[in-house]
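In what follows, every chain begins at residue 1, and chains take the letters A, B, ... in the order their sequences are listed. Given the structure is predicted, the values throughout are model-derived calculations rather than measurements.
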Amino acid sequence: MAVNVYLWTSLKKFTNEEDRLSIEAKSIGELVGVLERDFPGLKPFIDSGISFAVNGELSNPNSNEPLPDGAEIYLMQKLKGG
Amino acid sequence: MNKIHVKTNINGDHVEFLADPRETLLDCLRDHIGLTGSKEGCGTGDCGACSCIFDGDLVSSCLVLGVEAQGKSIETIEGMAGEEDLHPLQKKFIEMAALQCGFCTPGILIAAKALLDRNNNPTENEVRYWLAGNLCRCTGYDKIIRAVMETAKEIQETA
Amino acid sequence: MQYHTPSSFNEAVAISNSSSGLIKYLAGGTDVLVQLKIGNKSPDHLIDIKNIPGVRDVTLRKDGGYTIGAAVSGVQLTGHKKISNKWPGLVEGMELVGSAQIQSRATLVGNLCNGSPAADSVPGMIAAGASVSVINSFGTKDVLVEDIPTGPGSTSLENGDIVTAIKLPKRNKYEGDAYLRFIPRTEMDIAVVGCAVNLSLENGVITAAKVVLGAVGPKMIIANAAADCLIGTKLDGNILSRFSTECSQIAQPISDKRGSKEFRKDIIGVIAKRAATKAYARALGNN
Amino acid sequence: MAKDEITKEFKYIGTRPNRPDGYDKVTGRAKYGADVSAVGMLHAAVLRSPYAHARIKCINWEKAAKLSGVKAIVTRDDFPNGKDEDTLKLLENTIAGEFAYYDGHAIAAVAATSVFAAKEAIKAIEVEYEVLPHVIDVDEAIKPDAPVVRENAGDFSVPEGCSPNVASYIEFGRGDISNGFDKADLVKSGRFKTEAAHQGYIEPHACMAQLDHDGQGEMWVCTQGHWYIRQMCAAVLGLESSKLCVTPSEIGGGFGGKTTIFIEPLALALSKKSGGRPVKIVMSRAEVLRATGPTASASMDVKIGMTKDGYLTSGSVEFRMQGGAFGGSPVSEALQCAFASYNMPAVHHIGYDILANRPRAAAYRAPGSPMAAFAVESLIDEICTDLSLDPIDVRLKNAVKEGDKSSYGPKFKKIGLIETLEATKDHPNYSVSLEVNQGRGVAAGYWMNHGGETSVSVSLAEDGSVNVTVGTPDIGGSRASIALMTAETYGIPYDSVSVNIAETGALGFNEPTHGSRATLASGKAVYEAANQTISEMCRRVARKWQIDPDAVFWEKGYAKPAGPNAGDFSPISIKQIASEMDKTGGPIAGHHEASIRGVGHSFGVHIADVEVDPETGRVTVLRYLVVQDAGRAIHPSYVEGQFQGGAVQGIGWALNEEYVYGADGCLQNAAFLDYRIPVASDLPNIDTIIVEVPNPDHPFGVRGVGETGIAPPLPALANAVAAATKVRLRSLPMSPAKVLKAIKTGSDGC
């Protein structure tokens, strides 16, 4: 089951200049594992706090909730609020 | 530093306290008498959160020394409500949501009361200028001004 | 810090003479308490003059002028109908000092003795030709208000001098004054520039003028050259624009957090022009 | 109540009852940060750096320690080392180590038996400084030869060759922007600058803390989030989190500025060093302005293309934001907000987070969004003017709607920008005729809103009234909105609900009242927790009726048989269930813990009418309108209050608020006298329209409402000033001096 992962431009240098990846993952937690394994340059970004938007909805990096097939996932910098 | 024995009247009660002459009236109200309703937002007379009535005059209690209270009569927010009920301004502020965080509210209520005691039919502009010494960061003043105007209207109607 | 409450000015002078260290006088306290809060050094002696009889009185003298006690507050002054009618410019200068809360406490004398070149009530007093009564161990004397400020935060008053009252001269028909200042907000700011204008008219023609500029020099500037160009006119033609330029040229502002030199020079002329127009209208109407 | 019922009429939601804490707050009884004392309490004062940048060579506090009444002095040496990087930054900002990084940076703290004694002791501490070069302005700080604020401050994201003051870098976008610009009939670009603004809450930071040598402590503090305080204090002091009990006082405003620590660890450390005596620290206003907040200052390059019929074809931004000596400016949020209102084929964003010798930027209401809105909405207005297009029509043509991809990627669900624009256009303010020297400005703004970690509980009292316990401090009426949602969920009167804000030991973790989340997130969690108790009540009634629990349903405060097949039973009220609960199984309570999602994005549109004095440059706001999608206004008065308060903060930022630094890098206007927040006489009434396009992911349709309102005023006023003067100001604040200069020279030099 593959999901579509979109990265922000400055991450491309760690993903062979791809800003869109198709990755086999059933949960965000699993996705993070794959990203860190295949693209180790992403690890510091993920470690420093990152948000995942799954079909328009923010999710936790360690979430075990199942991902819908073909989900559109955006990696986003962690947000602040006032 | 020698402390000075001050005898005064606060909200109708005889009160005595020992003041370091460097202490402001606000310090004395809050720290010696336990009346913490008057707030310190700046300590330099710029925000009005410490507003009190001092011998009939609206003052910033951070700009009055505690020792100056000797023989005076002071009204604070704690004395604003009657025994039975809130002051009309207090009621109107709650009803019309004229407060958000509530920190500036005691000072604004005291200042607004001082205005309405002098002039129960102020224009909106008069209210805005009178309350210019009372900073509020939450409300944008809109609901505060409306509540004061509405209270004035009610006071006139019942008078 | 020792706190004193003398019951006469003589007693205040005696306390002052017998005390060492930094001595401050407390009238309205709106500057002294701020200095206590943020200043590096507290005074050693604080002499509260408010218990002295007469300090909160406004009296009409035999010569027709008014004497305003050293502890008369802004609220008292603005509430005094006769002074407000005769010297609206002087009164509005005082009224612009701070908030309603400040007005209950602040005094003309305090505003003067604080020595700020931006003090709102001082240009009006100077333009009015007001003087102060000063007491010290040698006796009492009258000094023109314009001779008191000497620079930012400093005055010509010496240790042991206590100002007991402000004296306003008699007001005549067809005279009028005005004070305007510029601030970024509508209230609660220190003047970026200020200007007081006091005019005397005969048949609508200006016969005497005093123009005082605030916050554009180390102390208030008496703009005689600008005042001169008003004399003999009815503020008609291009007089106001000449006057405005003259005031801008006379001003010697500095750049600080409240405004640049250039901006102050620009707007002092505008404010002066507007103050002159207002003073003139008042003089015309003041019969 | 099911989610598909959100369009239904509500009985309590949408009404305007008195807030539960109203009485306390109008009588002076409400207790804020500085309002408590304890037996044996000490007062503390903090020594702060008089330099913008200095090496601290030596701190000699022996003389101070000998002064009468002095009980404890702490410096950096009293705090444990060996922290992770984030904790180290927090600690560095709490108390300086080797370097003081900004004017006002804490150096040492003293606890003494009186405030005066503490202040005297501060003066007696001797510090030897080696003054170092400093940098204040963001465009200066990014230059390669700028003074280095902190060595090796750049993180892994920073490209090679950047100034050492670049802390992080981000770049994202989509589409082909150069192709987009080619398709435009008009392409404009410009540089925009905003100054740092302080949150300006009227209550200075204050806390009272107590910490024993066994590591157990407690704290009373004014904060937006006491779990954050606990977490951060525990981290910098090396304490076990659960042993520190943090109780939030009432809070006198926060706006993002009270979501982190400043004095709190100092109070704990002083208490420990003085043998566990309670220590109170209350900041002065000058300390608040010098050492807390503010938001970032920004320098922003924007380029936008539009067709002559008003369609946006392409946009690019490069934002440089200075967030103080430790980084953390909201540059990525600003970038996300920049084009979020518009459906554009191509957008590109670059952002730099830059260090300067200023206090560490704290969150401030929609962090980053106001700056972005100022740059983008100003430039769109310039293009509309040049192409003679109506600014609302242009925004309607380009407005994002459900299903559109946002400028930063994810798709929008149901959103209300179009409805908001239409309501704005219909308002009478848009057609009032203007006179000479007057101008009208329109601008939109966006905030994504936030859900976040949330824990709540509800419990039924024996008389059928309900206690709700939440962990989000009430800054602007959230007790009232939470009580309304609770009343609606149960179908019981608003007055039968009490909302309590609990200390850290009473609930699971809660993020602060930030990100416009209190009503949204605590409300959603309370709805879930209340429904647990409703299920339990239905179960107990089912047992009583000896029917299946599924055959009992809840309506308007009563358990009822689900239908004729369930049996013929008289409904049982919550009161009766409550009165019998000791006999039917004991206490009835529910709780809910979650990371709340489904925040619902928030859009607002403002119209400002101004008059400009052409001789002095002074701007007077004549009329002001805020239109914003609230999703669902739970308590409309407090929603309006958020709109109005946000707008006025934005007006202050646009016109007169700024940090003024001297050549020495020290802050010159650390008082409300010269840090000029708007006063009552500066303003007209602020008109509001609450648009309600319910958030489909919230049980009552709520979207956060707190933050969006601060973004549009900056460009709305700039656009209005431009309309009034025919001169475009591209830097804030639009202080009289700057406006006058622009009128005289045709530009503000930005």
Side-chain angles (χ1 to χ4, degrees), chain C residues 1 30-31 34-42 95-102 116 118 120 180-195 215 240-241 244-245 247-248 253-275 277, chain D residues 50 115-116 119-120 122-124 284-287 289-290 613-621 648 651-652 654-664 666-684 733-745 749:
Chain C
M1 188 182 85
T30 53
D31 288 312
V34 174
Q35 288 154 10
L36 263 180
K37 181 90 184 179
I38 61 178
N40 272 325
K41 185 164 165 40
S42 308
E95 204 177 358
L96 288 173
V97 177
S99 58
Q101 287 85 342
I102 303 289
S116 164
D120 281 311
L180 289 176
R181 66 171 180 186
F182 182 83
I183 55 172
R185 291 182 291 188
T186 50
E187 274 281 5
M188 303 306 289
D189 292 335
I190 304 291
V192 177
V193 304
C195 175
L240 278 174
S241 120
S244 171
T245 310
C247 287
S248 290
I254 54 160
S255 292
D256 66 11
K257 62 185 170 186
R258 293 178 184 136
S260 69
K261 188 177 162 179
E262 297 71 30
F263 179 60
R264 284 187 158 119
K265 262 189 169 295
D266 273 348
I267 59 167
I268 186 65
V270 174
I271 296 303
K273 181 175 75 178
R274 293 177 184 178
T277 308
Chain D
V115 175
F116 293 113
K119 285 184 179 167
E120 285 303 315
I122 286 299
K123 286 182 199 164
S284 69
R285 178 55 49 184
E287 287 181 290
L289 287 166
R290 285 170 73 203
D613 182 336
E615 289 186 316
T616 64
R618 200 165 184 296
V619 177
T620 303
V621 182
V648 168
I651 290 170
L655 294 183
N656 280 312
E657 291 180 35
E658 67 180 311
Y659 268 48
V660 181
Y661 283 94
D664 59 359
C666 292
L667 185 63
Q668 295 196 332
N669 59 334
F672 275 142
L673 186 62
D674 289 300
Y675 184 80
R676 303 187 191 95
I677 75 171
V679 300
S681 49
D682 292 343
L683 298 159
M734 294 181 288
S735 57
K738 209 186 276 177
V739 174
L740 187 64
K741 186 180 170 198
I743 292 171
K744 290 193 165 191
T745 64

Enquirer: With side-chain contact (heavy atoms from CB on, under 4.5 Å) as the criterion, how do C:Met188 and C:Ser99 come out once you've worked through the C-alpha distance, each side chain's angles and the decisive distance to 0.1 Å?
Expert: CA-CA 6 Å; C:Met188 303 306 289; C:Ser99 58; 3.5 Å; yes

Enquirer: Return the option, out of C:Lys273, C:Lys37, C:Arg185, C:Arg274, with the maximum number of heavy-atom pairs under 4.5 Å with chain D.
Expert: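 Ranked by contacts with chain D, first place is C:Arg185.
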
Enquirer: Over all heavy atoms of both residues, which pair between C:Gly194 and C:Ile268 is shortest? Give the atoms and the distance, please.
Expert: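 In this case the closest contact between C:Gly194 and C:Ile268 is O-CD1, 3.5 Å.
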
Enquirer: Locate the shortest heavy-atom distance separating C:Ala215 from C:Ala191; write the atom from each residue and the value.
Expert: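 Minimum heavy-atom contact is CB-O, 3.8 Å.
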
Enquirer: State, yes or no, whether a side-chain contact exists between C:Leu36 and C:Met1 at a heavy-atom distance under 4.5 Å.
Expert: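 SC-SC contact between C:Leu36 and C:Met1 confirmed.
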
Enquirer: Got a sec: does the NZ of C:Lys265 have more than 12 other heavy atoms crowding it under 6.0 Å?
Expert: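 Enclosed: over 12 neighbouring heavy atoms sit under 6.0 Å from NZ of C:Lys265.
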
Enquirer: Nearest 0.5 Å please: distance from the CG atom of C:Leu96 over to the CG atom of C:Asp189.
Expert: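 The distance works out to 11.0 Å.
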
Enquirer: I need the residue from D:Lys119, D:Gln668, D:Arg618 with the largest number of non-hydrogen atom pairs under 4.5 Å to chain C.
Expert: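 Among D:Lys119, D:Gln668, D:Arg618, the one with the most close pairs to chain C is D:Arg618.
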
Enquirer: Could you look at D:Asp682 and say if it's the side chain, the backbone, both or neither that has a heavy atom under 4.5 Å from chain C?
Expert: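 Contact with chain C involves both backbone and side-chain atoms of D:Asp682.
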
Enquirer: Please rank D:Val660, D:Leu673, D:Leu740 by heavy-atom pairs under 4.5 Å with chain C and give me the top one.
Expert: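 Most heavy-atom pairs under 4.5 Å with chain C: D:Leu673.
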
Enquirer: Would you mind checking which part of D:Ser735 comes under 4.5 Å of any heavy atom in chain C, side chain (CB onward), backbone (N, CA, C, O), both or neither?
Expert: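 Neither part.
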
Enquirer: Between D:Lys741 and chain C, which part of the residue has a heavy atom less than 4.5 Å away: side chain, backbone, both or neither?
Expert: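 Contact with chain C involves no heavy atom of D:Lys741 at all.
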
Enquirer: Do D:Leu655 and D:Pro736 have side-chain heavy atoms sitting under 4.5 Å apart?
Expert: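 With C-beta onward as the side chain, the pair stays apart.
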
Enquirer: What part of D:Ala286 gets closer than 4.5 Å to chain C, counting heavy atoms only: side chain, backbone, both or neither?
Expert: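 Contact with chain C involves no heavy atom of D:Ala286 at all.
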
Enquirer: Is any residue of residues 254-264 of chain C within less than 4.5 Å of chain D by heavy atoms, and which ones?
Expert: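 Within residues 254-264 of chain C, near chain D: C:Lys257, C:Arg258, C:Phe263.
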
Enquirer: Taking side chain as everything from C-beta outward and backbone as N, CA, C, O, which of these in D:Phe672 sits under 4.5 Å from a heavy atom of chain C? Side chain, backbone, both or neither.
Expert: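 Contact with chain C involves the backbone of D:Phe672 alone.
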
Enquirer: Please give me the minimum heavy-atom distance between C:Glu187 and C:Gly98, naming the atom from each residue.
Expert: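 So the two residues come closest at OE1-O, 3.7 Å.
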
Enquirer: Measuring from atom CZ of C:Arg181 to atom CD1 of C:Ile271, what distance do you get when rounded to the nearest 0.5 angstrom?
Expert: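 The CZ atom of C:Arg181 sits 10.5 Å away from the CD1 atom of C:Ile271.
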
Enquirer: Can you tell me which residue among C:Ile190, C:Thr30, C:Asp120 is in a side-chain contact (heavy atoms from CB on, under 4.5 Å) with C:Val97?
Expert: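 Only match with C:Val97 under side-chain contact (heavy atoms from CB on, under 4.5 Å): C:Asp120.
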
